[in-house]
There are 2 protein chains.
Amino acid sequence: MTDRPDTPRSRRERPAKPALTRDSIVGAAVAVLRAEGLAKVTMRRLAQELDTGPASLYVYVRNTAELHAAVLDELLGEIGPAPADGPWRERLERVLSAYTVMLLAHPTLARSALTTWPSGPHYLRLIETLLALLDEGGVAPARAAWGVDLLLQHATATAAEHATQAPSEDWDALRRAVRDIDADHHPHIAAVAEELLSGEPGQRLSWGLRALILGIERTAVPDRHPNPSSRRPS
Amino acid sequence: MTDRPDTPRSRRERPAKPALTRDSIVGAAVAVLRAEGLAKVTMRRLAQELDTGPASLYVYVRNTAELHAAVLDELLGEIGPAPADGPWRERLERVLSAYTVMLLAHPTLARSALTTWPSGPHYLRLIETLLALLDEGGVAPARAAWGVDLLLQHATATAAEHATQAPSEDWDALRRAVRDIDADHHPHIAAVAEELLSGEPGQRLSWGLRALILGIERTAVPDRHPNPSSRRPS
DNA sequence: ACCTGAACACCGTTCAAGT
DNA sequence: ACCTGAACACCGTTCAAGT
């Protein structure tokens, strides 16, 4: 922040044009995300922020989707490490909740995370943490591997669901449709109408995660190399 | 298609301007979706298709998200009824697979379905079918109600994951990252690297659905009215 | 190699004015 | 009430030309 008079600067009006690098682009993207949401994290807006034209960004970032993935990985760095004590199930649930809560602050980012596979360092660290906890719980490695995918997908999709433009407008429509259902044509919906709509978001997330963990523990993954002699009972 | 000379028509060049109704808009949307994908199902394009200006569509459709939801419900009408024989688990899996396969043909539609809650008649019919199958399997109603949400979310998210613009580009990045992982820093990832990436999409979907169903069956939903005297063991 | 101005080909939505 | 032209305020991405 200190002004260094010996630094040559061609323009005096702006607070020093930042060097154009991948990091400076992602940094600007995170700043805009925080201040105005993902909708404003566009190539054009970032170019403006970095005092250049949109075309320049394409030297460092393949496209908008890749940029959003980089932003997500950056935010992922901010969820703390896994809690150290307590039963593994609870710790697993807490890590995934923290991930979901972070995404809930930026649901549109969750939406893009479902489509573009993140592969940054913080995402890999999260996967490592989840695998370690499942391993600690004695979950068979193959199930754990596929399970991580299922758990992250659930967490991400749960956050993404909240990325509506007009919040609770189509949710209202569904609620009305379920409440006013014709019991003759849809007896099962009518019977559980209240339950379909009940529950705090936090309760439903927690229930979903626990159901998933149980299912992962107890559902055998198909053999990768179908070889009768090496088949172990599961 | 027959030309009826007695029908008054102000313009002779176009094949008769269709009446502007919600149905004609959704119909045009489905046609464009089939021919060119959801990316082209825009207000402007539809207006052009219906020989009017984009502003006219807003009389019948609140916004683009609502339009996409209507399109999804329309397509939902085309997946046949639930299979009649076989164990309930298998039939449940088959209904959800059919839903997923339909969405896989239009992954971007799956993406929007995660955000905008559909509430059309065909979607309600699907929910009814799922509840009926879970009921047949003896799954407690409250678990079935929350479970339907989980199952549909999984099916939708699985399809949405395939909605990449540049297919298998970031997936390649993740695969490289996992294969080249540093075993010292990420021992668990290194140990199951192959499993993380293994499996046919169909196998993983099937495994995921079975894990979910099991978890739903066996995970108790929290009491809605916490009342000690009415608490039943689960 | 890196950077960019300008262009191409689009968007969603609103609003005042018409019928 | 229904419909619309025109405008407002944007997009992502490419490419030829510059340094």
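Order of the sequence lines sets the chain letters (A, B, ...), proteins ahead of strands, with each chain counted from 1. No hydrogens, no waters, no symmetry mates; every other heavy atom, side chains included, goes into these values.
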- Message: Can you check the distance between D:dC10 and C:dA9, where both ends of the measurement are the C1' atom (answer in whole Å)?
- Response: 14 Å

- To the nearest Å, how far apart are A:H68 NE2 and D:dC11 P? 11 Å

- Item | Of the listed nucleotides C:dT4, D:dG12, D:dT4, the one nearest the side chain of B:T52 | D:dT4

- Does the side chain of B:L150 reach to within under 4.5 Å of the side chain of A:L212, using non-hydrogen atoms? yes

- Note on the structure: Nearest-nucleotide check on DNA chain C, A:L57 vs A:R44; residue mapping nearer the 5' end is A:L57

- Result for 5'-nearest mapping on DNA chain C, choosing between A:P54 and A:Y60, is A:Y60

- Message: Expressed as a whole number of angstroms, how long is the span from B:K40:NZ to C:dA9:P?
- Response: 11 Å

- Query: Considering every strand shown, what is the Watson-Crick or G-U wobble mate of D:dG18 when both distances are under 3.5 Å?
  - Reply: C:dC2

- Message: Using a strict threshold of under 4.0 Å (side-chain N to carboxylate O), is an ion pair present between A:E49 and A:R45?
- Response: yes

- Is there a donor-acceptor pair closer than 3.5 Å between any side-chain N or O of B:H68 and the backbone N or O of B:V41? yes

- Checking B:R204, B:Q203, B:R210 against B:S206 for side chain to side chain contact (heavy atoms under 4.5 Å, CB included), the one that qualifies is B:R210

- Item | Distance, rounded to the nearest Å, where A:R22 contributes CZ and C:dC2 contributes C1' | 17 Å

- Query: Which base sits across from D:dC10 as a Watson-Crick or G-U pair, both distances under 3.5 Å?
  - Reply: none

- Select one nucleotide: of D:dG12, C:dC3, D:dT4, the one nearest the side-chain heavy atoms of B:L20. D:dT4

- Message: How many whole angstroms separate atom CG of B:L38 from atom C1' of C:dC11?
- Response: 14 Å

- Rounded to whole angstrom units, what separation is found between the CE atom of A:M43 and the C1' atom of D:dC15? 16 Å

- Message: Can you tell me which nucleotide in D:dT13, C:dT13, C:dT4 comes closest to the side chain of A:S56?
- Response: C:dT4

- Would you check if there is a donor-acceptor pair between the side chains of B:E161 and A:T115 at a distance under 3.5 Å? no

- Message: Pick the closest DNA chain D nucleotide for A:A55 and for A:R45 by heavy atoms, then say which residue is nearer the 5' end.
- Response: A:R45

- B:N63 CG - C:dC11 C1' separation (whole Å): 14 Å

- Task: Return no unless some side-chain N or O of B:T64 is found under 4.0 Å from OP1 or OP2 of C:dT13.
- Result: yes

- Query: How long is the line joining CG of A:L46 and C1' of D:dG12, in whole Å?
  - Reply: 13 Å

